[in-house]
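Here's the structure we're looking at; comments come further down.
Treat the numbers as computed from the prediction; the structure is a model and nothing was measured. Here is the naming used below: chain letters follow the sequence lines, and residue numbers restart at 1 for every chain.
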2 protein chains.
Amino acid sequence: MGVMDETDRPLYAQVRERLLERIRSGAWKPGQLIPNEFAIAAEFGVSQGTARKAIGELAGEGLLRRRQGRGTFVVEHTPADVLFRFFNVFDAAGVAVAPDSRDTCCSAAVTATAQERAALGLDDGAEVVRITRTRTRQSTPFIAESIALPSALFPGIAGRAEIPNTLYDLFQRAYGVIVVRTDDRLSAVAADGVAAAALAIAVGTPLLKIERIAFTLDDRPVEQRVSLCHLAGAHYLARNR
Amino acid sequence: MGVMDETDRPLYAQVRERLLERIRSGAWKPGQLIPNEFAIAAEFGVSQGTARKAIGELAGEGLLRRRQGRGTFVVEHTPADVLFRFFNVFDAAGVAVAPDSRDTCCSAAVTATAQERAALGLDDGAEVVRITRTRTRQSTPFIAESIALPSALFPGIAGRAEIPNTLYDLFQRAYGVIVVRTDDRLSAVAADGVAAAALAIAVGTPLLKIERIAFTLDDRPVEQRVSLCHLAGAHYLARNR
DNA sequence: CAGTGGTCTAGACCACGTG
DNA sequence: ACGTGGTCTAGACCACTGC
């Protein structure tokens with residue numbers, strides 16, 4: 001009866017944490033069916049309702065998916081899913097734009113700038129890897145992007161033969177880093193010479209600048225990304241609830 | 001026991017609907033304490049857990065606020081609340097920018113354009129009221145804004161002596177229209193002559209353009225708004241979960 | 001048909017805020 | 001001390017899925 005033995009946190013929160021650890025560690029892999037509510041309840045010595053609440057929280061956070069009659073599954077972050085989950089650009093007709101990447105270039109580990117350290121919560125002298133690429137829409141360049149990642153979290157990423165179009169998918173599968181949230185800071189800027197060359201537009205053209213910080217489950221920043229977008233009739237959609 | 005008499009919808013959903021109607025109609029006013037879980041359960045002939053779930057849904061939608069030890073309250077949309085709930089502009093230090101309004105100008109009811117009809121889901125020949133204003137930040141103009149509202153939903157709004165800075169607060173109190181969600185479409189544009197004059201900037205300056213549609217509880221569009229923003233170091237923050 | 005998640009109940013106790 | 005929302009239990013039945 002609600003003895004709160006371990007800590008003073010509610011039972012369902014403790015169960016949630018244990019389940020979360022299994023997802024994070026990969027013990028339960030993306031797409032996998034997890035045990036049913038009664039089995040989980042029995043394992044942790046709680047009632048079905050309490051197990052249900054823990055599962056419900058993770059489902060609400062988008063990490064589990066319940067399907068009536070079938071079971072509960074670990075959410076699979078396929079490249080397509082990831083692309084449309086955090087890429088908020090839509091064309092004039094309201095159809096999602098699916099970007100591709102070209103000219104992807106990944107630096108070796110270098111000392112982070114003060115700005116990068118602040119954005120990523122890094123200590124003095126920490127190293128980052130920088131990725132730059134041009135993103136295309138129907139083969140036309142429309143975004144110039146540069147990304148900074150803490151080297152410590154992504155060992156060996158600079159040496160990879162191929163950097164995929166959808167990074168967050170790679171982060172989860174290869175490094176166990178699950179991006180669950182991003183903060184995008186948007187503003188309007190005039191294209192400088194570099195951006196104008198990459199996007200084949202005139203210097204001074206208004207561009208949408210997106211400064212993104214991506215966060216993991218425990219709210220730690222893991223990626224800083226600056227995107228300069230020549231949207232040409234498309235737009236960035238922000239839904240406010 | 002789960003007889004599902006009225007319809008096939010769950011009991012908690014039916015209770016939620018009845019509670020919602022009281023908020024929407026103003027029977028329960030903003031800021032008011034509502035009856036406790038047991039009183040609501042008794043009134044509708046359900047268990048406390050079911051009443052709790054109905055209340056929880058409305059709390060999750062931001063319409064009720066539960067406070068342990070005190071009770072459950074109808075959320076009060078004070079001008080300040082409304083301002084910060086949907087106004088996503090922050091300065092370089094991450095502090096929310098609180099805009100003011102000047103030169104507010106409200107048209108009489110006029111026939112809506114095709115574009116306005118599409119955005120607001122209006123029939124052919126429907127009328128709208130248009131409001132234009134300049135929004136300031138520490139007395140400096142930084143946003144040129146134009147708003148279209150369906151006349152049918154806001155009778156007499158054009159004749160009001162004063163249009164307040166925070167419109168959604170007015171919508172709820174004077175017209176029973178509760179804005180719960182907005183879609184903002186963002187892009188970058190060059191300032192034209194009109195915007196440049198209003199914002200005291202050079203023609204061609206890059207501006208952040210925000211095209212907003214605001215929705216009520218039943219997901220009907222009730223406002224279309226175009227904001228041209230000269231952010232000058234500030235940014236629009238979009239949180240993606 | 002069996003097994004899953006989804007709903008619902010009745011009752012208990014805990015944690016918080018106020019008087 | 002009292003009343004509130006918050007947690008937890010044990011057990012029941014419903015609705016959906018797939019064999």
Side-chain angles (χ1 to χ4, degrees), chain A residues 1-20 22-23 28 30-76, chain B residues 1-20 22-23 28 30-76:
Chain A
M1 308 97 164
V3 253
M4 301 286 179
D5 35 81
E6 274 297 339
T7 73
D8 266 5
R9 297 170 54 217
L11 272 181
Y12 74 83
Q14 298 177 37
V15 173
R16 171 191 168 282
E17 205 66 31
R18 305 274 303 268
L19 300 183
L20 180 56
R22 296 189 183 177
I23 299 170
W28 285 346
Q32 183 179 332
L33 172 69
I34 74 169
N36 71 42
E37 297 179 346
F38 286 94
I40 289 173
E43 182 188 347
F44 291 104
V46 299
S47 73
Q48 176 254 3
T50 300
R52 178 175 178 73
K53 183 153 184 176
I55 295 168
E57 294 238 328
L58 293 171
E61 296 170 52
L63 292 164
L64 293 178
R65 165 101 186 260
R66 326 180 74 150
R67 288 199 250 184
Q68 184 169 160
R70 297 190 55 190
T72 301
F73 300 79
V74 179
V75 166
E76 191 158 16
Chain B
M1 310 95 166
V3 253
M4 301 288 180
D5 37 80
E6 274 295 340
T7 73
D8 266 4
R9 296 171 54 217
L11 272 181
Y12 74 84
Q14 298 177 36
V15 173
R16 173 190 168 281
E17 205 66 30
R18 304 275 301 270
L19 301 182
L20 179 56
R22 295 188 184 178
I23 299 169
W28 285 346
Q32 183 179 331
L33 173 69
I34 74 170
N36 72 41
E37 297 179 345
F38 285 94
I40 289 173
E43 182 189 347
F44 291 104
V46 300
S47 74
Q48 176 254 3
T50 300
R52 179 175 177 73
K53 183 152 184 176
I55 295 168
E57 293 239 327
L58 293 171
E61 296 170 51
L63 292 163
L64 293 178
R65 166 104 184 259
R66 326 181 74 151
R67 289 199 249 182
Q68 185 168 157
R70 297 190 54 191
T72 301
F73 301 79
V74 179
V75 165
E76 191 159 16

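Counting heavy atoms from C-beta outward, B:L64 and B:I23 have side chains that approach closer than 4.5 Å.
For A:E61, the side-chain hydrogen bond (donor to acceptor under 3.5 Å, both in side chains) partners two or more places apart in sequence, or in a different chain, are A:R16. In this structure, the side chain to side chain contact (heavy atoms under 4.5 Å, CB included) partners of A:Q32, at least two apart in sequence or on a different chain, are A:W28, A:K29.
In this structure, NZ of A:K53 is placed 18 Å from P of C:dG5, rounded to the nearest angstrom. Straight-line distance from the CZ atom of A:R9 to the P atom of C:dA15: 15 Å, rounded to whole Å. The interatomic distance linking B:L11 (CG) with D:dA15 (P) rounds to 12 Å, in whole Å. The CD-C1' distance, from B:Q48 to C:dT7, rounds to 15 Å in whole Å. Following rounding to the nearest Å, B:F44 (CZ) and C:dT9 (C1') show an atom-to-atom distance of 18 Å. Rounded to an integer number of Å, the gap from CD of A:Q14 to P of C:dC14 is 16 Å.
Atom CD1 of residue A:I55 and atom CG of residue A:L63 lie 13.0 Å apart, to the nearest 0.5 angstrom. For the atom pair CG (A:N36) and CZ (A:R70), the distance works out to 15.0 Å, reported to the nearest 0.5 Å.
Where the helix from C:dC1-D:dG18 to C:dT18-D:dA1 starts and where it ends, the local axes point in directions that differ by 10°; five pairs per end, rounded to 10°.
With A:F73 as the aromatic partner, A:R67 meets the cation-pi criteria of under 6.0 angstrom to the ring centre and within 45 degrees of the ring axis. For the pair A:R18 and A:F44, the cation-pi criterion (under 6.0 Å, within 45° of the ring axis) is not fulfilled.
Comparing B:R52 and A:V46 by the nucleotide of DNA chain D whose heavy atom lies nearest to each, the residue mapping closer to the 5' end is B:R52. When each of B:A13 and A:I55 is assigned the nucleotide of DNA chain C with its nearest heavy atom, A:I55 is the one assigned upstream, toward the 5' end.
Contacts between residues 32-40 of chain A and DNA chain C, defined by a heavy-atom separation under 4.0 Å, are made by A:N36, A:E37. For DNA chain D, the residues of residues 64-72 of chain B within the heavy-atom distance limit of 4.0 Å (strictly under) are B:R66, B:R67, B:Q68, B:G69, B:R70, B:G71, B:T72, sorted by number.
At D:dT7, none of the side-chain N or O atoms of A:T50 fall inside 4.0 Å of OP1 or OP2 (strictly under the cut-off).
When the nucleotides C:dC8, D:dT7, D:dT9 are ranked by their closest atom to the side chain of A:Y12, D:dT7 comes out on top.
Residue pairs meeting the side-chain hydrogen bond (donor to acceptor under 3.5 Å, both in side chains) criterion with at least one partner in residues 39-60 of chain A, sequence neighbours excluded, are A:R22-A:E43, A:E37-A:Q48, A:E37-A:R52, A:S47-A:T50.
A:L33 approaches A:G71 most closely through the heavy-atom pair CD1-CA, 3.8 Å.
Look at B:R9 and B:E17 and you find a salt bridge, because one of the NZ, NE, NH1 or NH2 atoms lies within 4.0 Å of a carboxylate O, short of that distance.
Atom CZ of B:R65 sits in a sparse spot, with 12 or fewer heavy atoms from other residues, nucleotides or ligands closer than 6.0 Å.
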